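One structure is given below, encoded as structure tokens.
Residue numbers run from 1 in the order of the sequence given. Both counts, for ligands and for their atoms, begin at 1 and track the order of listing. For the numbers below, each heavy atom of this structure counts, side chains included, while hydrogens, waters and symmetry mates do not. Just so it is clear, the model here is predicted, and its values are computed rather than measured.
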Amino acid sequence: MPPVSLTCKECKTVYELEAKYVCERCFGPLEVAYAAPTDVDADELRRRIQAGPHSLWRYRDFLPLAGAPPRDTLPAGWTPLLRADRLAERLGIGELWIKNDAANPTHSFKDRVVAVALARAKELGFQTIACASTGNLANAVAAHAAAAGLDSYVFIPSDLEEQKILATGVYGTNLVAVRGNYDDVNRLCTEVAGEHEWAFVNINMRPYYSEGSKTIAYEIAEQLGWSVPDRIVAPIASGSLFTKVAKGFEEWIELGLVDGAVPTMNGAQATGCSPVATAFGEGTDICRPVKPDTIAKSLAIGNPADGPYAVELARKTGGGIDAVTDDEIRAGIKLLAETTGIFTETAGGVTTAVLAKLAARGDIDASERVVAVITGEGLKTLDVVRGTFETHLIEPSYEAFEAVVPGAVAA
Ligand SMILES: *Cc1c(COP(=O)(O)O)cnc(C)c1O
Ligand SMILES: [Zn+2]
């Protein structure tokens, strides 16, 4: 299915496959359109995918590149899908799986979108890659640019977690910390993008960038033996991941690669930045911008570009969009860690807490197969788990040990 154009999501005006993201007629977002498939041999296509590399490039037939993917890229994607029986039991869910996207090269799902945007930027001849980031995107852009030998500029809010700043600067990028929140950073970058010939992965390259998220859906379908789960729970920042995961399933259903319907889509936000959950709750598509105040910094986008589409999707699939408090996020991180061995960052705490909320509310039927998408690594937001458990500090003697943990060894 070769990509043929950029098409306006609203008025359907067609544009060349350039570094362009907004419709000149109606200011709607542009999306990559592909040639309509003819004579699809589903068996052959499945075989070709299975013979591909253990990275998202096994799905290159569904990605917006003109030629072959570059060879010097970090291998994004093909992350584990793990059955989570103990968490399922704790929450009273019949069948639960965790898609662990922390297992990417820079430990978040952002490696997918950057791999695709950067590959397309190279095809278009860009020498410099840039981004406006809430944290994980900064890590991914800096690392993938280093791997590809390109220059990079990374713009972040100055109050970002230290782990994320350190894990970005180490790659030798030009790191610009802006005194302001993500929405301020994004506004500045839109201005910079207008002045410099740079590929801003989530601004002028956004149509290509967001296509990378579809690969989460392809992987889940393939890892479930070419089938579609009943429900997906995934976090929402700009709404790109959430909407594109559904698009991935939709494409494969249309092609006959898998049977069934697009899963029920449940979105997860933090109460401290929940413009999409609020719009869903109020029964409108209009996401009123908010000023973020939450520990889930990677989801702290107050003015989400794909918010209205996320609301529409949740409604259309019988799902919903919920918000959880910072305390619920911390509890979510702990719950996932204690029942699955997966330590996620705050965004994963948001997803797990919303999953728990859905289960507690009785929204999930016992017969359902549910997949929760965990998008980032706990070591990047260490501060939030400080003080949530006890450490036994002792002198190096057996008596001291027995005094704090009596009978532990004898038993
Ligand atoms: C960026 C990000 C998301 C979601 O981002 P969208 O803008 O909605 O695509 C989710 N989780 C983590 C950890 C992220 O870094
Ligand atoms: Zn338009």
Side-chain angles (χ1 to χ4, degrees), residues 5-15 20-31 79 99-104 106-114 116-117 131-141 156 160-161 163-164 167-168 182-183 186 201-203 206 209-214 216 233-247 265 267-270 273-277 287 292 294-307 309-310 313 321 329 333 344-352 354 372-381:
S5 68
L6 295 178
T7 301
C8 174
K9 248 182 129 154
E10 293 298 330
C11 76
K12 310 297 171 198
T13 302
V14 169
Y15 299 89
K20 192 174 179 69
Y21 66 109
V22 68
C23 178
E24 285 163 14
R25 290 232 181 116
C26 76
F27 301 104
L30 305 184
E31 199 169 39
T79 60
K99 180 63 170 165
N100 186 14
D101 247 23
N104 267 303
T106 67
H107 316 289
S108 88
F109 109 92
K110 290 296 197 301
D111 287 303
R112 298 176 185 274
V113 286
V114 170
V116 175
C131 70
S133 175
T134 57
N136 286 314
L137 189 57
N139 292 178
V141 164
I156 54 169
L160 214 56
E161 298 96 343
Q163 290 91 350
K164 283 182 183 163
T168 300
Y182 171 81
D183 299 285
N186 191 47
V201 295
N202 58 336
I203 300 178
R206 191 170 176 84
Y209 162 100
S210 59
E211 288 290 286
S213 296
K214 295 188 309 187
I216 298 177
V233 185
I236 295 176
S238 72
S240 166
L241 173 153
F242 187 71
T243 50
K244 290 290 174 155
V245 165
K247 185 177 181 226
M265 296 293 299
Q269 293 209 293
C273 183
S274 53
V276 192
C287 301
T294 168
I295 58 169
K297 292 182 194 284
S298 55
L299 302 181
I301 297 185
N303 189 10
D306 294 309
Y309 303 110
L313 173 66
I321 302 169
I329 295 167
I333 292 172
T344 185
E345 69 149 80
T346 45
V350 171
T351 304
T352 308
V354 167
V373 182
I374 295 302
T375 47
E377 162 64 47
L379 293 174
K380 291 196 199 183
T381 60

Check your understanding: Under the side-chain contact (heavy atoms from CB on, under 4.5 Å) criterion, do V373 and V245 qualify, and how do the steps go?
Key -> CA-CA 10 Å; V373 182; V245 165; 5.6 Å; no

Check your understanding: Taking NZ, NE, NH1 and NH2 as the nitrogens, is one of them in D101 or R112 under 4.0 Å from a carboxylate oxygen of the other?
Key -> yes

**Study point:** S240-S238 side chain donor-acceptor pair, cut-off 3.5 Å
**Key:** no

Starting from the N and O atoms of ligand 1, collect every protein N/O partner closer than 3.5 Å and put each pair on its own line with the distance to 0.1 Å.
from: ligand 1; atom 1: 7 (O); to: S238; atom 2: N; distance (Å): 2.8
from: ligand 1; atom 1: 7 (O); to: S238; atom 2: OG; distance (Å): 2.5
from: ligand 1; atom 1: 8 (O); to: A237; atom 2: N; distance (Å): 2.8
from: ligand 1; atom 1: 8 (O); to: S238; atom 2: N; distance (Å): 3.1
from: ligand 1; atom 1: 8 (O); to: G239; atom 2: N; distance (Å): 2.9
from: ligand 1; atom 1: 9 (O); to: L241; atom 2: N; distance (Å): 2.9
from: ligand 1; atom 1: 11 (N); to: T375; atom 2: OG1; distance (Å): 2.7
from: ligand 1; atom 1: 15 (O); to: K110; atom 2: NZ; distance (Å): 2.8
from: ligand 1; atom 1: 15 (O); to: N136; atom 2: ND2; distance (Å): 2.8

Study note, to complete from the structure: Closest non-hydrogen atoms of C287 and V276, given as atom of the first, atom of the second and distance, are SG-CA, 4.1 Å

**Study point:** Carboxylate-amine/guanidinium proximity below 4.0 Å for E31 and K9
**Key:** yes

Check your understanding: How far does SG of C131 sit from CD1 of I156, to the nearest 0.5 angstrom?
Key -> 9.5 Å

Review point. Angle subtended at the Zn ion (ligand 2) by SG of C11 and SG of C26, to 10 degrees?
Key: 120°

